[in-house]
Chemist: 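What follows is a single structure, and I will ask about it in a moment.
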Amino acid sequence: MKKTVLFGALTVAGLAAAGAQAATLDDVQARGKLNCGVTTGVPGFGEPDANGVWQGFDVAVCRAVAAAVLGDPMAVEFVPTTGKTRFTALAAGEIDMLARNTTWTFSRDVDLKFEFVGVNYYDGQGFMVPKALGVNSAKELDGATVCIQTGTTTELNLADFFRSNNISYEPVPIETGSEAVQLFTAGSCDVYTTDASALAAQRANFANPGDYVVLPEIVSKEPLGPLVRHGDNEWGDIVRWTLNALITAEELGVTSDNIDELASAPGSNPEVNRLLGTEGTLGEMLGLSADFAKNAISAGGNYGEIFANNIGESTNIGLARGLNAQWTEGGLIYSPPFR
């Protein structure tokens, strides 16, 4: 679920430079669809449903961008990527954006030549073990076998944690989250470590979730968000301000239920009017229609609705807002103003 740091840095950087213009607004509009890189499958965040239609928290960002640019949230080609393939796919122009729980780090931003457009989920790395193991802390895992996705920040954080606590482990390398789950539940490793949100999502789908516990330690900062290539600032602005529109809509009380009414009868709040395109020229500045943000919000609701419907406490994933509450509610979710 997490994110190659040094994999093919020079090769990827070269591809990024060569393909910097591949994801322009003109290209996406001419193609008539958005190519969006997603995970190979994480419940609640991104996976196809029984009918093969992609659903999830990260998927909703892709659909919002498609709605903003093309007026159609279904005009998306979802491209599954692994921790190792996601950056190459983006750099080579195979996808226009990546939205699959990817951690914003220095090397990815600077060395791999990608542009993180914001954070849509603040997370941290955790550990899950079978309850029968009788372990209450990650510091008690000396000598444990650990299922770990290769080519990710998880891999590096794991090494740092065990080294700093002077304990050892035996890595069990895996390629995808689904492979990790299969090995972990089959008893091929003592521990499964990844983003805490992914642990909760995967555990919720276990046949016997009560047989497994997530340990209390969070051993890293994992600001997760969508990204694009360096060198196409106009496209980066579109993806960035689409995400910001979802966040701002929740702050201003614009929902999927009232958005049509607010757009058809502009009120006294000028920022709501600017957000929905009934006042000002923000859409024009992006090269989009005046109602780009309205279309994006209408695709799946505001940030809070997307969170609640896909991973919130009323779902089987059951995640509390925590750090992902709005800044006015004690969280870190915050957008620059629409003005």
Side-chain angles (χ1 to χ4, degrees), residues 1-42 45-48 54 56 58-59 61-66 68-70 75-118 120 149-156 173-179 223-240 242-243 287:
M1 180 167 174
K2 287 199 280 273
K3 310 100 194 165
T4 304
V5 177
L6 296 176
F7 169 74
L10 294 177
T11 300
V12 172
L15 286 170
Q21 300 304 317
T24 63
L25 173 61
D26 288 345
D27 289 336
V28 173
Q29 289 180 327
R31 189 191 308 131
K33 67 179 179 180
L34 172 74
N35 293 332
C36 195
V38 290
T39 180
T40 53
V42 176
F45 285 88
E47 63 177 355
W54 280 84
D58 288 328
V59 167
V61 176
C62 302
R63 295 203 185 280
V65 173
V69 173
L70 301 169
V76 186
E77 180 74 27
F78 291 101
V79 181
T81 62
T82 68
K84 287 185 175 181
T85 65
R86 58 186 159 176
F87 295 135
T88 304
L90 179 60
E94 296 171 11
I95 54 177
D96 304 314
M97 59 178 286
L98 184 65
R100 63 172 311 279
N101 293 41
T102 299
T103 302
W104 190 344
T105 71
F106 183 101
S107 59
R108 292 170 179 177
D109 193 324
V110 177
D111 190 37
L112 298 190
K113 307 302 182 186
F114 295 125
E115 184 88 9
F116 285 81
V117 301
N120 71 331
Q149 192 170 352
T150 55
T152 63
T153 56
T154 310
E155 192 174 22
L156 304 180
I174 50 94
E175 290 287 335
T176 66
S178 59
E179 182 184 355
L224 310 176
L227 58 156
V228 298
R229 289 180 291 279
H230 274 187
D232 194 348
N233 294 339
E234 290 78 10
W235 179 249
D237 286 343
I238 287 170
V239 180
R240 176 180 299 107
T242 298
L243 174 60

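Since this is a predicted model, take the numbers as computed values, not measurements. Quick note: numbers below take in every heavy atom, side chains included, and nothing from hydrogens, waters or symmetry partners. The first residue of the sequence shown is numbered 1, and numbering continues consecutively from there.
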Chemist: Tell me whether Trp235 contacts the main-chain N or O of Met97 through its side chain, where contact means a donor paired with an acceptor under 3.5 Å.
Modeler: no

Chemist: Please evaluate residues Val239 and Leu243 with respect to the criterion side chain to side chain contact (heavy atoms under 4.5 Å, CB included), reporting the C-alpha separation (whole Å), side-chain torsions for both, the decisive distance (0.1 Å), and the verdict.
Modeler: CA-CA 6 Å; Val239 180; Leu243 174 60; 5.9 Å; no

Chemist: State the CZ-CD distance between Phe78 and Glu47, to the nearest 0.5 angstrom.
Modeler: 12.5 Å

Chemist: Can you find a heavy atom in the side chain of Thr39 that is under 4.5 Å from one in the side chain of Phe45?
Modeler: no

Chemist: Do Thr176 and Ser178 meet the criterion of a side-chain donor-acceptor pair at a distance under 3.5 Å?
Modeler: yes

Chemist: If you look at every heavy atom in Cys62 and Ala99, which pair is closest and at what distance?
Modeler: SG-CB, 3.7 Å

Chemist: Donor-acceptor check, side chain of Thr82 to backbone of Lys84, threshold 3.5 angstrom: yes or no?
Modeler: yes

Chemist: To the nearest 0.5 angstrom, please state how far the OG1 atom of Thr150 sits from the CD atom of Glu155.
Modeler: 6.0 Å

Chemist: Okay, side chain of His230, backbone of Leu112: is any donor-acceptor separation there less than 3.5 Å?
Modeler: no

Chemist: Mark yes or no for whether Gln149, through its side chain, and Glu175, through its backbone, hold a donor-acceptor pair below 3.5 Å.
Modeler: yes

Chemist: Taking the side chain from Asp96 and the backbone from Cys36, do they hold a donor-acceptor pair closer than 3.5 Å?
Modeler: no

Chemist: Distance from Thr105 atom OG1 to Asp111 atom CG, nearest 0.5 Å?
Modeler: 9.5 Å

Chemist: What residue among Val76, Leu34, Leu70, Val117 forms side-chain contact (heavy atoms from CB on, under 4.5 Å) with Val65?
Modeler: Leu34

Chemist: Roughly how far, to the nearest 0.5 Å, is CZ of Phe87 from CZ of Arg229?
Modeler: 13.5 Å

Chemist: Begin from the C-alpha positions of Leu227 and Phe116 and carry the test side chain to side chain contact (heavy atoms under 4.5 Å, CB included) through to its verdict.
Modeler: CA-CA 4 Å; Leu227 58 156; Phe116 285 81; 3.9 Å; yes

Chemist: How long is the span from the CD atom in Glu115 to the CG atom in Asp232, to the nearest 0.5 Å?
Modeler: 10.0 Å

Chemist: How far apart are the C-alpha atoms of Phe114 and Leu90, what are their side-chain angles, what is the distance that settles it, and do they pass the side chain to side chain contact (heavy atoms under 4.5 Å, CB included) test?
Modeler: CA-CA 9 Å; Phe114 295 125; Leu90 179 60; 3.5 Å; yes

Chemist: Could you give the distance from CD1 (Ile95) to CD (Glu77), rounded to the nearest 0.5 Å?
Modeler: 12.0 Å

Chemist: If you apply the rule side chain to side chain contact (heavy atoms under 4.5 Å, CB included), what do you find for Gln29 with Val69, and how did you get there?
Modeler: CA-CA 7 Å; Gln29 289 180 327; Val69 173; 3.9 Å; yes

Chemist: Within the distance-only criterion (no hydrogens, no angle test), does the side chain of Thr40 pair as donor or acceptor with the backbone N or O of Thr81 below 3.5 angstrom?
Modeler: no

